[in-house]
Amino acid sequence: MSMILNMENDYQRFQKIIKGKIKENLRKYISNGEMIGRKGKDLVSIPLPQVDIPKFRFGNNGQGGVGQGEGEPGTPLGPGEGEEGAGQAGNEPGQHIREVELTLEELAEILGEELELPNIEPKGKKEIVATKDRYSGISRVGPESLRHFKRTFREALKRQVISGQFDIDKPKIVPIRDDFRYRSWKTITHPESNAVIIYMMDVSGSMWDEQKEIVRLETFWIDTWLRYQYKGLVTRYIIHDAQAQEVDRETFFTVRENGGTVISSAYELCNQIIESDYSPEEWNIYAFHFSDGDNWSREDNKHCAELLQSEILPKVNLFGYGQVDSTYGSGEFIDFLDEHLGDQENLILSYIPDKDAIYDSIKDFLGKGK
Amino acid sequence: MSAGKILLEKMQQEKSRLVEATQKDKFKFVQHQEDDLNFQVKFKDVDRYGIVLDYIAVSRGEPILDVDEINRRLSQQAEKVQKQITYLLEDFRLIELDRMNKRAQLRSYPPYEKENSKFFYEIVLDEGTRIHFQRYQYSREHKRYEKITSQLTLEIFERLVDDLASILK
(Lines give C-alpha, C1' and ligand atoms only; values in the text may rest on other atoms or scores of the structure.)
Protein backbone atom coordinates (compact mmCIF):
# COMPACT_ATOMS: atom_id res chain seq x y z
CA MET A 1 0.00 0.00 0.00
CA SER A 2 2.76 2.41 1.01
CA MET A 3 4.58 1.56 -2.22
CA ILE A 4 1.54 2.61 -4.23
CA LEU A 5 1.37 5.84 -2.26
CA ASN A 6 5.05 6.51 -2.92
CA MET A 7 4.56 5.97 -6.62
CA GLU A 8 1.58 8.28 -6.58
CA ASN A 9 3.64 10.94 -4.79
CA ASP A 10 6.46 10.57 -7.29
CA TYR A 11 4.02 10.82 -10.17
CA GLN A 12 2.46 13.98 -8.70
CA ARG A 13 5.93 15.46 -8.24
CA PHE A 14 6.87 14.61 -11.80
CA GLN A 15 3.66 16.20 -13.09
CA LYS A 16 4.47 19.34 -11.09
CA ILE A 17 7.93 19.54 -12.62
CA ILE A 18 6.51 19.11 -16.11
CA LYS A 19 3.85 21.75 -15.57
CA GLY A 20 6.53 24.11 -14.29
CA LYS A 21 8.68 23.49 -17.37
CA ILE A 22 5.75 24.03 -19.70
CA LYS A 23 4.79 27.23 -17.91
CA GLU A 24 8.38 28.47 -18.16
CA ASN A 25 8.39 27.86 -21.90
CA LEU A 26 4.75 28.59 -22.66
CA ARG A 27 5.53 31.61 -24.82
CA LYS A 28 7.74 29.39 -26.97
CA TYR A 29 5.14 26.63 -27.22
CA ILE A 30 2.44 29.11 -28.13
CA SER A 31 4.45 30.70 -30.92
CA ASN A 32 5.92 27.49 -32.27
CA GLY A 33 3.40 25.17 -33.81
CA GLU A 34 5.77 22.24 -34.28
CA MET A 35 6.27 22.01 -30.55
CA ILE A 36 2.74 20.88 -30.07
CA GLY A 37 2.14 17.66 -31.88
CA ARG A 38 -1.55 17.15 -31.45
CA LYS A 39 -2.25 13.63 -30.40
CA GLY A 40 -5.76 12.52 -30.97
CA LYS A 41 -8.75 14.43 -29.79
CA ASP A 42 -8.00 14.87 -26.13
CA LEU A 43 -4.24 14.57 -25.75
CA VAL A 44 -1.33 16.70 -26.82
CA SER A 45 2.27 15.71 -26.73
CA ILE A 46 4.82 18.33 -25.83
CA PRO A 47 8.52 17.78 -26.32
CA LEU A 48 10.49 18.63 -23.22
CA PRO A 49 14.19 18.42 -23.93
CA GLN A 50 15.05 19.74 -20.47
CA VAL A 51 13.58 16.95 -18.37
CA ASP A 52 15.92 14.03 -17.75
CA ILE A 53 14.35 10.99 -16.19
CA PRO A 54 16.77 9.28 -13.79
CA LYS A 55 17.65 5.77 -14.90
CA PHE A 56 20.12 2.97 -14.08
CA ARG A 57 23.13 2.60 -16.32
CA PHE A 58 25.55 -0.28 -16.31
CA GLY A 59 29.11 0.81 -15.76
CA ASN A 60 32.43 -0.93 -16.25
CA ASN A 61 33.09 -1.52 -12.58
CA GLY A 62 32.77 -5.29 -12.58
CA GLN A 63 36.44 -6.06 -13.01
CA GLY A 64 36.55 -9.06 -10.73
CA GLY A 65 34.13 -11.68 -9.56
CA VAL A 66 33.33 -15.25 -10.34
CA GLY A 67 32.81 -16.37 -13.86
CA GLN A 68 31.71 -19.55 -15.47
CA GLY A 69 31.80 -21.02 -18.93
CA GLU A 70 34.59 -21.14 -21.46
CA GLY A 71 37.92 -19.40 -20.92
CA GLU A 72 41.30 -19.91 -19.39
CA PRO A 73 42.33 -18.73 -15.92
CA GLY A 74 43.45 -15.15 -16.24
CA THR A 75 41.01 -14.22 -19.08
CA PRO A 76 39.56 -10.83 -18.14
CA LEU A 77 35.83 -10.67 -17.52
CA GLY A 78 33.65 -8.03 -19.09
CA PRO A 79 34.27 -5.98 -22.19
CA GLY A 80 37.85 -5.33 -23.17
CA GLU A 81 39.29 -1.92 -23.83
CA GLY A 82 38.20 -0.33 -27.04
CA GLU A 83 40.70 -0.04 -29.79
CA GLU A 84 41.67 3.35 -31.08
CA GLY A 85 41.02 4.34 -34.65
CA ALA A 86 38.30 5.66 -36.85
CA GLY A 87 35.02 3.86 -36.39
CA GLN A 88 32.11 3.73 -38.74
CA ALA A 89 29.23 6.11 -38.42
CA GLY A 90 26.25 4.68 -36.62
CA ASN A 91 23.09 4.00 -38.50
CA GLU A 92 20.72 4.18 -35.56
CA PRO A 93 18.64 7.26 -34.83
CA GLY A 94 19.94 9.59 -32.12
CA GLN A 95 18.25 10.20 -28.80
CA HIS A 96 14.88 11.84 -29.25
CA ILE A 97 13.51 14.73 -27.36
CA ARG A 98 11.29 13.44 -24.59
CA GLU A 99 7.63 14.00 -25.28
CA VAL A 100 5.18 14.45 -22.49
CA GLU A 101 1.53 13.76 -22.93
CA LEU A 102 -0.96 16.14 -21.45
CA THR A 103 -4.69 16.26 -21.65
CA LEU A 104 -6.13 19.35 -23.26
CA GLU A 105 -7.67 20.13 -19.90
CA GLU A 106 -4.25 20.17 -18.22
CA LEU A 107 -2.90 22.32 -21.01
CA ALA A 108 -5.78 24.75 -20.63
CA GLU A 109 -5.15 24.91 -16.88
CA ILE A 110 -1.52 25.81 -17.50
CA LEU A 111 -2.54 28.40 -20.09
CA GLY A 112 -5.06 29.92 -17.70
CA GLU A 113 -2.57 30.06 -14.82
CA GLU A 114 0.29 31.48 -16.83
CA LEU A 115 -1.74 34.05 -18.75
CA GLU A 116 -3.84 34.76 -15.66
CA LEU A 117 -7.00 34.20 -17.65
CA PRO A 118 -10.18 34.66 -15.68
CA ASN A 119 -12.76 31.90 -15.81
CA ILE A 120 -15.62 32.66 -18.16
CA GLU A 121 -19.02 33.44 -16.78
CA PRO A 122 -21.44 31.86 -19.22
CA LYS A 123 -24.22 34.18 -20.30
CA GLY A 124 -27.72 33.18 -21.30
CA LYS A 125 -30.98 33.10 -19.43
CA LYS A 126 -31.60 29.50 -20.13
CA GLU A 127 -29.27 26.65 -19.65
CA ILE A 128 -29.25 23.83 -22.12
CA VAL A 129 -30.38 20.54 -20.66
CA ALA A 130 -28.25 17.64 -21.74
CA THR A 131 -29.41 14.04 -21.33
CA LYS A 132 -27.20 11.04 -20.78
CA ASP A 133 -27.97 7.33 -20.21
CA ARG A 134 -26.29 5.80 -17.16
CA TYR A 135 -26.31 2.07 -16.32
CA SER A 136 -26.97 2.54 -12.66
CA GLY A 137 -30.01 0.32 -11.98
CA ILE A 138 -30.73 -3.39 -11.79
CA SER A 139 -33.74 -5.09 -13.30
CA ARG A 140 -35.20 -8.61 -13.37
CA VAL A 141 -35.62 -8.55 -17.12
CA GLY A 142 -33.34 -7.49 -19.90
CA PRO A 143 -31.26 -8.66 -22.79
CA GLU A 144 -28.63 -11.33 -22.11
CA SER A 145 -25.89 -8.95 -23.13
CA LEU A 146 -26.70 -6.83 -20.09
CA ARG A 147 -26.82 -9.70 -17.59
CA HIS A 148 -25.16 -8.74 -14.29
CA PHE A 149 -23.14 -11.82 -13.40
CA LYS A 150 -22.26 -10.83 -9.82
CA ARG A 151 -25.85 -9.92 -8.88
CA THR A 152 -27.21 -13.04 -10.53
CA PHE A 153 -24.71 -15.16 -8.62
CA ARG A 154 -25.56 -13.42 -5.35
CA GLU A 155 -29.29 -13.95 -5.83
CA ALA A 156 -28.69 -17.63 -6.56
CA LEU A 157 -26.46 -17.96 -3.47
CA LYS A 158 -29.09 -16.24 -1.28
CA ARG A 159 -31.81 -18.52 -2.59
CA GLN A 160 -29.74 -21.66 -2.08
CA VAL A 161 -28.73 -20.62 1.48
CA ILE A 162 -32.33 -19.83 2.48
CA SER A 163 -33.70 -23.00 0.97
CA GLY A 164 -30.95 -25.12 2.53
CA GLN A 165 -29.61 -26.29 -0.84
CA PHE A 166 -26.18 -24.79 -0.22
CA ASP A 167 -23.54 -27.24 0.93
CA ILE A 168 -20.53 -25.44 2.38
CA ASP A 169 -18.29 -28.46 1.73
CA LYS A 170 -19.34 -28.72 -1.87
CA PRO A 171 -20.18 -25.14 -2.84
CA LYS A 172 -21.99 -25.18 -6.16
CA ILE A 173 -24.18 -22.32 -7.23
CA VAL A 174 -26.63 -22.86 -10.06
CA PRO A 175 -28.74 -19.83 -10.92
CA ILE A 176 -32.27 -20.35 -12.09
CA ARG A 177 -34.36 -18.00 -14.21
CA ASP A 178 -35.64 -16.13 -11.15
CA ASP A 179 -32.09 -15.30 -10.00
CA PHE A 180 -31.13 -13.55 -13.19
CA ARG A 181 -30.49 -9.84 -12.84
CA TYR A 182 -29.77 -7.34 -15.61
CA ARG A 183 -28.25 -3.94 -15.77
CA SER A 184 -30.74 -1.19 -16.51
CA TRP A 185 -30.18 2.42 -17.36
CA LYS A 186 -31.58 5.68 -16.19
CA THR A 187 -31.75 8.78 -18.31
CA ILE A 188 -30.11 11.58 -16.40
CA THR A 189 -30.64 15.19 -17.30
CA HIS A 190 -28.21 17.85 -16.28
CA PRO A 191 -27.85 21.50 -17.20
CA GLU A 192 -24.96 22.39 -19.45
CA SER A 193 -23.80 25.71 -20.85
CA ASN A 194 -23.27 25.33 -24.54
CA ALA A 195 -21.01 27.43 -26.66
CA VAL A 196 -20.24 27.93 -30.31
CA ILE A 197 -17.15 29.47 -31.86
CA ILE A 198 -17.38 30.81 -35.36
CA TYR A 199 -13.95 31.26 -36.88
CA MET A 200 -13.59 33.46 -39.93
CA MET A 201 -10.47 33.81 -42.01
CA ASP A 202 -9.51 35.97 -44.95
CA VAL A 203 -8.04 33.62 -47.56
CA SER A 204 -7.56 36.23 -50.25
CA GLY A 205 -4.40 36.30 -52.35
CA SER A 206 -2.50 38.43 -49.84
CA MET A 207 -2.92 35.88 -47.01
CA TRP A 208 -0.01 33.50 -47.50
CA ASP A 209 0.97 30.36 -45.58
CA GLU A 210 2.86 32.29 -42.94
CA GLN A 211 -0.24 34.30 -42.03
CA LYS A 212 -2.40 31.18 -41.95
CA GLU A 213 0.03 29.47 -39.60
CA ILE A 214 -0.42 32.33 -37.14
CA VAL A 215 -4.19 31.88 -37.37
CA ARG A 216 -3.86 28.10 -36.90
CA LEU A 217 -1.81 28.51 -33.73
CA GLU A 218 -4.04 31.20 -32.32
CA THR A 219 -7.21 29.18 -32.90
CA PHE A 220 -5.64 26.08 -31.30
CA TRP A 221 -5.11 27.96 -28.03
CA ILE A 222 -8.48 29.71 -28.15
CA ASP A 223 -10.13 26.33 -28.77
CA THR A 224 -8.22 24.73 -25.91
CA TRP A 225 -9.26 27.41 -23.46
CA LEU A 226 -12.91 27.57 -24.48
CA ARG A 227 -13.25 23.77 -24.51
CA TYR A 228 -11.97 23.80 -20.96
CA GLN A 229 -14.58 26.38 -20.01
CA TYR A 230 -17.57 24.82 -21.78
CA LYS A 231 -18.68 21.23 -21.90
CA GLY A 232 -20.37 21.29 -25.29
CA LEU A 233 -18.37 23.40 -27.70
CA VAL A 234 -19.31 23.61 -31.35
CA THR A 235 -16.98 25.12 -33.94
CA ARG A 236 -17.94 26.51 -37.34
CA TYR A 237 -15.53 27.77 -39.97
CA ILE A 238 -15.98 30.50 -42.56
CA ILE A 239 -13.46 31.49 -45.21
CA HIS A 240 -13.75 34.52 -47.41
CA ASP A 241 -12.09 36.47 -50.13
CA ALA A 242 -14.60 38.57 -52.03
CA GLN A 243 -17.22 35.93 -51.19
CA ALA A 244 -17.72 33.92 -48.02
CA GLN A 245 -18.48 30.24 -47.56
CA GLU A 246 -18.69 27.80 -44.71
CA VAL A 247 -16.08 25.02 -44.78
CA ASP A 248 -14.75 22.20 -42.60
CA ARG A 249 -11.74 22.60 -40.33
CA GLU A 250 -9.22 21.11 -42.72
CA THR A 251 -10.26 23.28 -45.63
CA PHE A 252 -10.21 26.29 -43.34
CA PHE A 253 -6.49 25.94 -42.74
CA THR A 254 -5.36 24.69 -46.13
CA VAL A 255 -7.36 26.46 -48.79
CA ARG A 256 -5.71 29.23 -50.78
CA GLU A 257 -7.68 31.59 -52.97
CA ASN A 258 -6.40 34.54 -54.93
CA GLY A 259 -9.51 36.67 -54.91
CA GLY A 260 -9.96 40.14 -53.49
CA THR A 261 -11.02 40.95 -49.97
CA VAL A 262 -14.59 41.81 -49.00
CA ILE A 263 -14.79 41.35 -45.26
CA SER A 264 -18.50 42.08 -44.99
CA SER A 265 -19.25 38.88 -46.91
CA ALA A 266 -17.93 36.88 -43.93
CA TYR A 267 -19.80 38.98 -41.37
CA GLU A 268 -23.05 38.51 -43.27
CA LEU A 269 -22.61 34.74 -43.33
CA CYS A 270 -21.63 34.71 -39.66
CA ASN A 271 -24.80 36.59 -38.80
CA GLN A 272 -26.90 34.19 -40.88
CA ILE A 273 -25.40 31.18 -39.09
CA ILE A 274 -26.11 32.71 -35.69
CA GLU A 275 -29.67 33.60 -36.65
CA SER A 276 -30.48 30.19 -38.03
CA ASP A 277 -28.69 27.90 -35.58
CA TYR A 278 -27.74 29.59 -32.34
CA SER A 279 -30.18 31.58 -30.34
CA PRO A 280 -28.23 34.07 -28.22
CA GLU A 281 -30.60 33.28 -25.35
CA GLU A 282 -29.40 29.71 -25.21
CA TRP A 283 -25.88 29.81 -26.57
CA ASN A 284 -22.64 31.44 -25.62
CA ILE A 285 -21.47 32.69 -28.99
CA TYR A 286 -17.88 33.55 -29.86
CA ALA A 287 -16.76 34.87 -33.20
CA PHE A 288 -13.15 35.38 -34.24
CA HIS A 289 -12.04 36.91 -37.50
CA PHE A 290 -8.48 36.98 -38.86
CA SER A 291 -7.35 39.04 -41.81
CA ASP A 292 -4.49 41.21 -43.03
CA GLY A 293 -6.93 44.11 -42.95
CA ASP A 294 -6.59 45.01 -46.61
CA ASN A 295 -10.29 45.35 -47.31
CA TRP A 296 -11.65 46.10 -50.78
CA SER A 297 -12.95 49.56 -49.97
CA ARG A 298 -13.70 52.03 -47.24
CA GLU A 299 -17.40 51.56 -48.03
CA ASP A 300 -17.08 47.91 -47.12
CA ASN A 301 -15.30 48.87 -43.89
CA LYS A 302 -18.35 50.98 -43.05
CA HIS A 303 -20.69 48.15 -43.93
CA CYS A 304 -18.72 45.83 -41.64
CA ALA A 305 -18.92 48.30 -38.76
CA GLU A 306 -22.70 48.57 -39.25
CA LEU A 307 -23.12 44.80 -39.35
CA LEU A 308 -21.09 44.39 -36.21
CA GLN A 309 -22.86 47.11 -34.30
CA SER A 310 -26.43 46.31 -35.20
CA GLU A 311 -26.38 42.56 -35.81
CA ILE A 312 -23.42 40.62 -34.48
CA LEU A 313 -22.20 42.32 -31.31
CA PRO A 314 -25.61 42.27 -29.57
CA LYS A 315 -25.70 38.49 -30.04
CA VAL A 316 -22.21 37.37 -29.12
CA ASN A 317 -20.27 37.06 -25.87
CA LEU A 318 -17.17 38.13 -27.67
CA PHE A 319 -16.09 39.18 -31.13
CA GLY A 320 -12.35 39.02 -31.62
CA TYR A 321 -10.66 40.55 -34.63
CA GLY A 322 -7.02 39.60 -35.14
CA GLN A 323 -5.03 41.42 -37.79
CA VAL A 324 -1.90 39.80 -39.13
CA ASP A 325 0.81 41.35 -41.25
CA SER A 326 0.93 40.27 -44.87
CA THR A 327 4.21 40.26 -46.78
CA TYR A 328 3.49 43.87 -47.67
CA GLY A 329 2.26 45.14 -44.34
CA SER A 330 -1.07 45.49 -42.65
CA GLY A 331 -4.29 47.15 -43.77
CA GLU A 332 -6.32 49.84 -42.12
CA PHE A 333 -9.29 47.69 -41.05
CA ILE A 334 -8.17 47.35 -37.44
CA ASP A 335 -7.79 51.11 -37.10
CA PHE A 336 -11.17 51.63 -38.71
CA LEU A 337 -12.86 49.30 -36.22
CA ASP A 338 -11.01 50.90 -33.34
CA GLU A 339 -12.13 54.34 -34.47
CA HIS A 340 -15.78 53.38 -34.98
CA LEU A 341 -16.44 50.60 -32.47
CA GLY A 342 -13.55 50.89 -30.05
CA ASP A 343 -15.92 51.53 -27.15
CA GLN A 344 -17.86 48.27 -27.59
CA GLU A 345 -17.16 46.05 -24.62
CA ASN A 346 -17.41 42.71 -26.36
CA LEU A 347 -15.29 43.67 -29.36
CA ILE A 348 -11.61 42.91 -28.94
CA LEU A 349 -9.04 43.97 -31.48
CA SER A 350 -5.62 42.43 -31.56
CA TYR A 351 -2.68 43.14 -33.84
CA ILE A 352 -0.55 40.04 -34.49
CA PRO A 353 2.45 41.05 -36.60
CA ASP A 354 4.28 37.74 -36.12
CA LYS A 355 4.24 34.44 -34.21
CA ASP A 356 5.82 35.99 -31.14
CA ALA A 357 2.78 38.22 -30.77
CA ILE A 358 0.36 35.27 -30.44
CA TYR A 359 0.97 34.98 -26.69
CA ASP A 360 -0.15 38.54 -26.00
CA SER A 361 -2.93 38.30 -28.52
CA ILE A 362 -4.47 35.31 -26.71
CA LYS A 363 -4.31 37.34 -23.54
CA ASP A 364 -6.08 40.20 -25.35
CA PHE A 365 -8.85 37.92 -26.57
CA LEU A 366 -9.44 35.79 -23.51
CA GLY A 367 -8.27 38.07 -20.73
CA LYS A 368 -11.66 39.66 -20.14
CA GLY A 369 -13.43 36.52 -19.02
CA LYS A 370 -16.27 36.99 -21.49
CA MET B 1 7.03 58.79 -81.81
CA SER B 2 6.12 56.54 -78.91
CA ALA B 3 3.54 57.53 -76.29
CA GLY B 4 6.30 57.50 -73.66
CA LYS B 5 8.39 60.04 -75.60
CA ILE B 6 5.40 62.29 -76.27
CA LEU B 7 4.51 62.26 -72.59
CA LEU B 8 8.08 63.16 -71.64
CA GLU B 9 7.97 66.17 -73.93
CA LYS B 10 4.68 67.27 -72.44
CA MET B 11 6.10 66.87 -68.95
CA GLN B 12 9.12 69.05 -69.79
CA GLN B 13 6.76 71.70 -71.14
CA GLU B 14 4.54 71.51 -68.08
CA LYS B 15 7.57 71.87 -65.84
CA SER B 16 8.78 74.98 -67.65
CA ARG B 17 5.27 76.44 -67.50
CA LEU B 18 5.16 76.10 -63.71
CA VAL B 19 8.41 77.87 -62.99
CA GLU B 20 7.32 79.92 -60.04
CA ALA B 21 8.90 78.88 -56.78
CA THR B 22 5.56 78.24 -55.12
CA GLN B 23 4.61 75.65 -57.68
CA LYS B 24 7.99 74.02 -58.10
CA ASP B 25 7.48 71.21 -55.61
CA LYS B 26 3.86 70.56 -56.43
CA PHE B 27 2.68 67.55 -58.36
CA LYS B 28 2.07 68.15 -62.04
CA PHE B 29 -0.27 66.34 -64.34
CA VAL B 30 -0.18 65.63 -68.08
CA GLN B 31 -2.30 63.50 -70.35
CA HIS B 32 -2.17 62.23 -73.87
CA GLN B 33 -4.66 60.54 -76.19
CA GLU B 34 -3.51 58.08 -78.82
CA ASP B 35 -5.98 55.99 -80.80
CA ASP B 36 -8.41 54.69 -78.18
CA LEU B 37 -5.87 54.88 -75.33
CA ASN B 38 -5.77 57.63 -72.78
CA PHE B 39 -2.53 58.22 -70.81
CA GLN B 40 -2.34 60.16 -67.56
CA VAL B 41 0.86 60.90 -65.67
CA LYS B 42 1.19 62.64 -62.34
CA PHE B 43 4.75 63.58 -61.48
CA LYS B 44 6.77 65.82 -59.23
CA ASP B 45 9.80 66.59 -61.31
CA VAL B 46 11.58 65.79 -64.54
CA ASP B 47 15.07 66.70 -65.76
CA ARG B 48 17.62 65.49 -68.34
CA TYR B 49 18.16 62.20 -66.55
CA GLY B 50 15.04 61.07 -64.88
CA ILE B 51 11.62 61.62 -63.47
CA VAL B 52 10.07 61.68 -60.01
CA LEU B 53 6.82 59.92 -60.74
CA ASP B 54 3.64 59.65 -58.71
CA TYR B 55 1.55 57.43 -60.97
CA ILE B 56 0.86 56.36 -64.54
CA ALA B 57 -2.69 55.47 -65.58
CA VAL B 58 -3.67 54.15 -68.98
CA SER B 59 -7.24 53.42 -70.02
CA ARG B 60 -9.06 52.16 -73.08
CA GLY B 61 -12.18 53.85 -74.33
CA GLU B 62 -14.69 51.11 -74.82
CA PRO B 63 -15.83 49.02 -71.88
CA ILE B 64 -15.95 45.23 -72.22
CA LEU B 65 -19.43 43.97 -71.46
CA ASP B 66 -18.97 40.24 -71.13
CA VAL B 67 -17.85 39.29 -67.58
CA ASP B 68 -16.10 36.10 -68.68
CA GLU B 69 -14.22 38.04 -71.32
CA ILE B 70 -13.15 40.62 -68.73
CA ASN B 71 -11.81 37.93 -66.42
CA ARG B 72 -10.04 36.16 -69.26
CA ARG B 73 -8.37 39.43 -70.22
CA LEU B 74 -7.46 40.22 -66.63
CA SER B 75 -5.62 36.91 -66.37
CA GLN B 76 -3.80 37.50 -69.65
CA GLN B 77 -2.87 41.06 -68.72
CA ALA B 78 -1.61 39.95 -65.30
CA GLU B 79 0.53 37.34 -67.04
CA LYS B 80 1.95 39.97 -69.40
CA VAL B 81 2.80 42.34 -66.55
CA GLN B 82 4.79 39.58 -64.83
CA LYS B 83 6.64 38.69 -68.03
CA GLN B 84 7.25 42.16 -69.49
CA ILE B 85 7.89 44.50 -66.61
CA THR B 86 11.11 43.02 -65.29
CA TYR B 87 13.38 46.05 -65.32
CA LEU B 88 12.39 47.84 -62.12
CA LEU B 89 14.73 45.85 -59.84
CA GLU B 90 11.66 44.23 -58.30
CA ASP B 91 9.60 41.74 -60.32
CA PHE B 92 5.82 41.57 -60.19
CA ARG B 93 3.67 38.85 -58.72
CA LEU B 94 -0.09 38.44 -58.94
CA ILE B 95 -1.52 38.97 -55.48
CA GLU B 96 -5.27 39.07 -56.01
CA LEU B 97 -7.46 38.30 -58.99
CA ASP B 98 -10.88 39.44 -57.89
CA ARG B 99 -13.31 38.04 -60.46
CA MET B 100 -16.27 39.45 -58.60
CA ASN B 101 -15.06 43.02 -58.71
CA LYS B 102 -13.22 42.48 -62.03
CA ARG B 103 -9.90 43.60 -60.72
CA ALA B 104 -6.36 42.24 -60.52
CA GLN B 105 -3.69 43.45 -58.15
CA LEU B 106 0.00 42.82 -58.76
CA ARG B 107 2.82 43.85 -56.50
CA SER B 108 6.56 43.67 -56.74
CA TYR B 109 7.99 40.74 -54.79
CA PRO B 110 9.70 40.59 -52.45
CA PRO B 111 9.07 44.10 -51.17
CA TYR B 112 12.21 46.07 -50.51
CA GLU B 113 12.74 46.41 -46.76
CA LYS B 114 14.64 49.28 -45.27
CA GLU B 115 14.73 50.29 -41.62
CA ASN B 116 11.16 50.02 -40.41
CA SER B 117 9.48 50.19 -43.80
CA LYS B 118 8.59 48.07 -46.81
CA PHE B 119 8.55 49.48 -50.34
CA PHE B 120 6.87 47.99 -53.37
CA TYR B 121 5.34 48.81 -56.76
CA GLU B 122 1.70 48.06 -57.40
CA ILE B 123 -0.12 47.62 -60.68
CA VAL B 124 -3.89 47.43 -60.60
CA LEU B 125 -5.82 46.17 -63.62
CA ASP B 126 -9.48 47.15 -63.72
CA GLU B 127 -12.14 45.56 -65.90
CA GLY B 128 -9.59 44.74 -68.57
CA THR B 129 -9.57 48.37 -69.74
CA ARG B 130 -7.60 50.29 -67.12
CA ILE B 131 -4.11 49.94 -65.71
CA HIS B 132 -2.59 51.94 -62.87
CA PHE B 133 1.02 52.04 -61.70
CA GLN B 134 2.09 53.38 -58.30
CA ARG B 135 4.76 52.86 -55.63
CA TYR B 136 3.88 52.35 -51.95
CA GLN B 137 5.57 52.43 -48.62
CA TYR B 138 4.34 50.55 -45.56
CA SER B 139 5.61 51.91 -42.30
CA ARG B 140 5.59 49.47 -39.39
CA GLU B 141 5.66 52.37 -37.00
CA HIS B 142 2.48 53.98 -38.31
CA LYS B 143 0.97 50.70 -39.56
CA ARG B 144 -0.14 52.45 -42.73
CA TYR B 145 0.33 52.27 -46.49
CA GLU B 146 1.39 55.47 -48.14
CA LYS B 147 1.66 56.36 -51.81
CA ILE B 148 5.18 57.46 -52.60
CA THR B 149 7.05 58.61 -55.70
CA SER B 150 9.22 56.40 -57.90
CA GLN B 151 12.50 57.63 -59.33
CA LEU B 152 12.86 56.39 -62.89
CA THR B 153 15.33 57.14 -65.64
CA LEU B 154 13.82 58.65 -68.78
CA GLU B 155 14.52 55.44 -70.65
CA ILE B 156 12.77 53.27 -68.08
CA PHE B 157 9.83 55.66 -67.94
CA GLU B 158 9.36 55.54 -71.71
CA ARG B 159 9.60 51.77 -71.75
CA LEU B 160 7.15 51.44 -68.87
CA VAL B 161 4.54 53.68 -70.53
CA ASP B 162 4.81 51.73 -73.77
CA ASP B 163 4.61 48.38 -71.98
CA LEU B 164 1.55 49.42 -69.99
CA ALA B 165 -0.11 50.48 -73.26
CA SER B 166 0.78 47.23 -75.00
CA ILE B 167 -0.63 45.20 -72.08
CA LEU B 168 -3.99 46.91 -72.51
CA LYS B 169 -4.13 46.47 -76.28
Side-chain angles (χ1 to χ4, degrees), chain A residues 202-211 239-245 255-266 268-269 291-301 303 321-339 349-354 356-357, chain B residues 67-68 70-72 74-79 81-82 88 90-128 130 132 134-148:
Chain A
D202 175 1
V203 293
S204 64
S206 52
M207 288 284 285
W208 296 359
D209 290 345
E210 202 185 320
Q211 286 75 39
I239 54 167
H240 75 90
D241 50 10
Q243 281 174 309
Q245 56 174 314
V255 76
R256 171 116 195 248
E257 304 284 341
N258 65 356
T261 310
V262 180
I263 294 176
S264 64
S265 64
E268 270 165 9
L269 183 56
S291 163
D292 63 6
D294 242 342
N295 204 8
W296 164 253
S297 65
R298 229 180 140 73
E299 275 62 49
D300 195 64
N301 286 353
H303 185 37
Y321 172 68
Q323 187 159 307
V324 295
D325 262 3
S326 78
T327 310
Y328 297 94
S330 201
E332 60 170 21
F333 191 64
I334 194 166
D335 292 334
F336 188 89
L337 288 185
D338 190 32
E339 196 182 310
L349 308 172
S350 179
Y351 175 55
I352 322 162
D354 50 35
D356 292 337
Chain B
V67 180
D68 290 338
I70 292 173
N71 284 323
R72 198 182 59 79
L74 279 176
S75 299
Q76 282 176 353
Q77 290 168 352
E79 192 82 10
V81 168
Q82 291 173 88
L88 295 175
E90 300 161 30
D91 288 348
F92 281 91
R93 184 184 262 208
L94 177 65
I95 305 295
E96 291 183 353
L97 179 61
D98 187 346
R99 290 172 204 280
M100 220 172 115
N101 295 298
K102 296 169 235 147
R103 180 178 178 263
Q105 180 192 50
L106 295 105
R107 283 178 175 173
S108 55
Y109 176 83
Y112 171 56
E113 297 201 30
K114 192 180 160 193
E115 287 154 12
N116 221 8
S117 292
K118 296 181 181 196
F119 301 86
F120 57 92
Y121 294 108
E122 182 179 89
I123 286 181
V124 174
L125 297 158
D126 258 314
E127 303 199 354
R130 287 190 299 276
H132 188 275
Q134 174 89 54
R135 189 160 177 80
Y136 286 89
Q137 173 181 8
Y138 174 76
S139 146
R140 284 201 186 91
E141 194 184 337
H142 301 111
K143 286 192 263 163
R144 204 167 288 263
Y145 292 109
E146 215 180 309
K147 290 175 180 174
I148 56 165

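Numbered from 1 within each chain, the chains take letters A, B, ... in sequence-line order. In this text the structure is predicted, and so the values were computed from the model without any measurement.
Taking the side chain as every heavy atom from C-beta outward, B:Pro110 and A:Thr327 never approach each other to under 4.5 Å.
Taking a cutoff of 4.0 Å between a charged side-chain nitrogen and a carboxylate oxygen, A:Asp338 and B:Lys143 do not qualify as a salt bridge.
Contact of B:Tyr109 with chain A is made through backbone and side chain together, with heavy-atom distances under 4.5 Å. For chain A, the nearby parts of B:Arg107 are the backbone and the side chain; heavy atoms of each come within less than 4.5 Å.
Note that OH of A:Tyr328 and CD of B:Glu122 are 9.5 Å apart. Values are rounded to the nearest 0.5 Å. Here the CG-OH distance, from A:Asp325 to B:Tyr138, works out to 4.5 Å after rounding to the nearest 0.5 Å. Here the OG-CZ distance, from A:Ser330 to B:Arg144, works out to 11.0 Å after rounding to the nearest 0.5 Å. Note that the CG atom of A:Asp241 and the CD atom of B:Glu96 stand 8.0 Å from one another [nearest 0.5 Å]. In this structure, OG on A:Ser326 lies 6.5 Å from NZ on B:Lys118, to the nearest 0.5 angstrom. Residue B:Met100 holds its CE atom at 5.0 Å from CD of A:Gln243, rounded to the nearest 0.5 Å.
Between chain B and the options A:Gly205, A:Gly329, A:Ser204, A:Gly293, the largest number of non-hydrogen pairs under 4.5 Å is found for A:Gly329. Of the residues considered (A:Asp335, A:Ile334, A:Val262, A:Asp294), A:Asp294 shows the highest number of contacts with chain B, using heavy-atom pairs under 4.5 Å.
Just one of B:Asp98, B:Ile95, B:Leu97 meets the side-chain contact (heavy atoms from CB on, under 4.5 Å) condition when paired with A:Asn258; it is B:Leu97.
Residue-environment remark: CD (B:Glu113) exceeds the threshold of 12 foreign heavy atoms within 6.0 Å.
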